[in-house]
2 protein chains.
Amino acid sequence: MAFSPVQLTSLGGLHAAVLNQLGQSIVRGDIAPGAVLPNADDLSLQFGVSRTVIREVVKVLAAKGMVESRPKTGTRVRARHDWNFLDSDILNWRFSAGIKSEEAKSIFELRRAIEPMAARLAAERATPADIATLERHLALMEHYADDSIRFAEPDLAFHQAILRMTGNELFSSLASVIETALVVSFHLTDDNPQGQRASLVLHRHLLEAIAIGDADRASAAVLVLLDEAEEDVRRSLGARRSQRASG
Amino acid sequence: MAFSPVQLTSLGGLHAAVLNQLGQSIVRGDIAPGAVLPNADDLSLQFGVSRTVIREVVKVLAAKGMVESRPKTGTRVRARHDWNFLDSDILNWRFSAGIKSEEAKSIFELRRAIEPMAARLAAERATPADIATLERHLALMEHYADDSIRFAEPDLAFHQAILRMTGNELFSSLASVIETALVVSFHLTDDNPQGQRASLVLHRHLLEAIAIGDADRASAAVLVLLDEAEEDVRRSLGARRSQRASG
DNA sequence: AGAATGATATTATCATATGAATATATCGCG
DNA sequence: CGCGATATATTCATATGATAATATCATTCT
């Protein structure tokens with residue numbers, strides 16, 4: 001395992017560049033759990049950066065539960081169950097290069113646990129201002145119904161707004177999971193205006209349930225929405241696979 | 001806002017000591033969102049450590065979404081909604097010094113979203129070895145039913161085992177939330193053997209539902225368990241408050 | 001007033017040195 | 001030969017001083 005020098009053209013400076021490289025290498029499994037990383041000097045040479053940067057990166061990876069440093073032994077990759085998979089960096093490293101059908105499933109399992117409860121709480125606690133915010137996001141989605149690129153942003157904002165409306169910061173912190181899900185499905189699905197229009201209707205149902213404070217209906221509406229979204233992803237993954245197979 | 005020199009007797013070295021101090025200061029609100037931290041040199045002086053340590057700590061806090069550093073501007077505390085509240089460090093900083101009734105409520109809201117689904121998935125996927133593991137943890141709980149200190153550990157292990165049995169790493173990563181909840185309730189509740197015995201029965205129900213693969217019953221059993229646990233915490237918080245009031 | 005310019009404070013990075021911890025090898029002794 | 005004490009080498013942990021990059025702010029010029 002060797003690394004290439006990082007370019008400082010990378011967004012966020014050398015630290016971010018090295019962090020992403022190393023993080024991805026570990027997530028990809030290039031450096032397996034239990035294995036030790038090259039020592040700080042070697043990493044410094046390989047990446048072409050100072051040890052200062054290397055050490056900061058290692059400390060950040062350690063904070064995410066991915067590695068553990070000890071004198072003499074070196075820095076070793078920890079077991080996967082110690083990693084904080086809800087960390088947005090790890091999510092990105094894991095899924096930016098593509099997603100397997102099983103991984104998509106795991107994201108939807110979590111969303112099915114979180115979002116119905118979030119919608120429920122939102123329905124109980126929403127203020128008129130909150131509803132107005134949702135309306136605004138939904139209006140943008142409607143406006144960009146035929147533009148899948150711009151559609152994604154208000155879609156994400158809509159779901160995140162609901163998480164915030166719970167008034168529970170633990171829920172809000174799960175926004176990165178949903179963001180990952182939406183980014184993945186965006187990269188996956190080809191332009192699909194009728195799918196987006198169907199999605200709009202479901203979002204509208206959800207909004208109305210929240211607006212009238214009907215927690216049960218809000219929860220149910222989210223589930224329907226998630227079914228639809230997962231079906232979309234499932235279809236796209238299938239299409240992609242058969243595309244590769246035939247190509 | 002000034003900081004005291006850290007002792008290197010602290011577990012985990014200077015880095016961890018400074019990280020905890022700074023992290024707690026921010027979580028407590030001593031340094032409000034939007035405010036800037038003292039610059040690296042000042043922090044170095046105040047904590048009595050080198051800039052190396054300060055910079056590593058700041059990078060880790062940045063990775064948790066709590067601060068943002070820019071040249072000239074300095075390092076400023078980000079808005080709370082950017083913090084990763086599911087991070088175990090942040091959870092500890094938030095709740096180690098005590099917990100408010102509303103915060104306890106927010107933890108249980110999340111647990112009610114997560115754990116029923118986790119139990120459901122566990123019921124569908126559990127292997128005989130998984131069941132045996134749960135039995136082992138439950139046996140330990142039974143063994144320490146009258147020893148609230150040792151009871152906590154297998155209790156936590158039991159719940160975390162279920163999260164792992166989902167086979168979904170996103171769920172496993174929520175273990176820290178449950179750990180925090182159990183640690184908090186442990187510090188809160190006075191010795192309460194009959195409460196623990198009642199809890200044992202509920203855990204047994206849950207285990208049996210998972211063992212026979214009954215997802216609905218497993219999910220329902222968790223909810224009952226959570227109701228009981230929250231009621232316990234609620235009672236303890238009330239008792240503590242009135243204790244303070246009368247003392 | 002507004003744009004260009006330079007001074008300044010701060011982080012970002014680098015290079016090097018020293019300290020501390022620990023796994024491994026070595027040596028001495030029974 | 002076996003075993004424990006000790007030495008040694010390797011690695012991370014921390015410290016320090018210097019330079020680069022960059023964003024802000026005041027100032028100057030138009």
Side-chain angles (χ1 to χ4, degrees), chain A residues 1-22 26 31 34-78 89, chain B residues 1-22 26 31 34-78 82:
Chain A
M1 189 64 231
F3 298 96
S4 317
V6 294
Q7 315 292 332
L8 95 155
T9 69
S10 314
L11 216 63
L14 297 179
H15 173 84
V18 173
L19 178 63
N20 286 325
Q21 290 268 334
L22 252 186
I26 295 174
I31 312 174
V36 302
L37 273 58
N39 68 35
D41 287 310
D42 289 347
L43 287 174
S44 171
L45 281 175
Q46 292 182 29
F47 280 112
V49 302
S50 70
R51 272 178 295 177
T52 307
V53 172
I54 296 297
R55 292 192 85 309
E56 287 170 0
V57 165
V58 168
K59 275 289 194 310
V60 168
L61 289 174
K64 296 181 190 302
M66 295 177 69
V67 304
E68 189 173 30
S69 294
R70 299 173 59 183
K72 174 68 182 181
T73 309
T75 299
R76 71 177 59 243
V77 177
R78 297 177 68 184
D89 285 328
Chain B
M1 189 62 230
F3 297 97
S4 317
V6 294
Q7 316 291 333
L8 97 153
T9 69
S10 314
L11 217 66
L14 297 179
H15 173 85
V18 173
L19 178 63
N20 285 326
Q21 289 268 334
L22 252 186
I26 294 173
I31 311 175
V36 302
L37 273 58
N39 69 36
D41 287 316
D42 288 348
L43 286 175
S44 171
L45 281 175
Q46 291 182 30
F47 281 112
V49 302
S50 71
R51 281 173 302 129
T52 307
V53 172
I54 296 296
R55 294 195 85 294
E56 287 169 0
V57 164
V58 168
K59 275 289 194 312
V60 169
L61 289 175
K64 297 181 189 304
M66 294 178 71
V67 304
E68 189 174 31
S69 292
R70 302 170 59 184
K72 172 67 182 180
T73 308
T75 300
R76 73 177 58 243
V77 177
R78 297 178 68 185
D82 290 318

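Just so it is clear: chains get the letters A, B, ... in the order the sequence lines come, proteins before strands, and each one is counted from 1. Because only heavy atoms are used, hydrogens play no part in the values below, and waters and symmetry mates are left out as well, while side chains stay in.
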*Closest non-hydrogen atom pair between A:I31 and A:V36, with its separation*: CG2-O, 4.5 Å
*asked:* By the salt bridge (charged side-chain N to carboxylate O under 4.0 Å, His left out) test, which pairs, at least two apart or in different chains, include something from residues 35-45 of chain A?
replied: A:D41-A:R51
*Taking 5' to 3' order, which nucleotide of DNA chain C is first and which is last to have an atom within less than 4.0 Å of a heavy atom in chain A?*
C:dT13 to C:dA23
*For B:S44, enumerate each residue passing the side-chain hydrogen bond (donor to acceptor under 3.5 Å, both in side chains) test, keeping only those at least two apart in sequence or located in another chain.*
none
*Going by heavy atoms closer than 4.0 Å, what residues in residues 51-73 of chain B are next to DNA chain C?*
B:R55, B:K59, B:S69, B:R70, B:P71, B:K72
*State, with a plain yes or no, whether a side-chain heavy atom of A:R55 is found less than 4.5 Å away from one of B:T52.*
no
*Test item: B:L22 and B:F47 side chains (from C-beta on) under 4.5 Å apart, heavy atoms*: yes
*Report the distance from atom CG of B:L45 to atom P of D:dT16, rounded to the nearest whole Å.*
10 Å
*Provide, to the nearest angstrom, the distance between the CG atom belonging to A:N39 and the P atom belonging to D:dA13.*
12 Å
*So what does the secondary structure string of DNA chain C come out as, 5' to 3', with Watson-Crick or wobble pairs under 3.5 angstrom, [ ] for crossing and | for pairs with another strand?*
||||||||||||||||||||||||||||||
*How many angstroms lie between NE2 in A:H15 and CD1 in A:I54, if you round to the nearest 0.5 Å?*
10.5 Å
*Can you measure from NZ (B:K59) to NZ (A:K59) and round to the nearest 0.5 angstrom?*
13.0 Å
Atom pairs and distances, side-chain donor-acceptor, residues 63-71 of chain A, under 3.5 Å, sequence neighbours left out:
unit_1 : atom_1 : unit_2 : atom_2 : d
A:K64  : NZ     : A:D87  : OD1    : 3.1
A:K64  : NZ     : A:D87  : OD2    : 2.9
A:K64  : NZ     : A:D89  : OD2    : 2.9
A:S69  : OG     : A:T75  : OG1    : 2.7

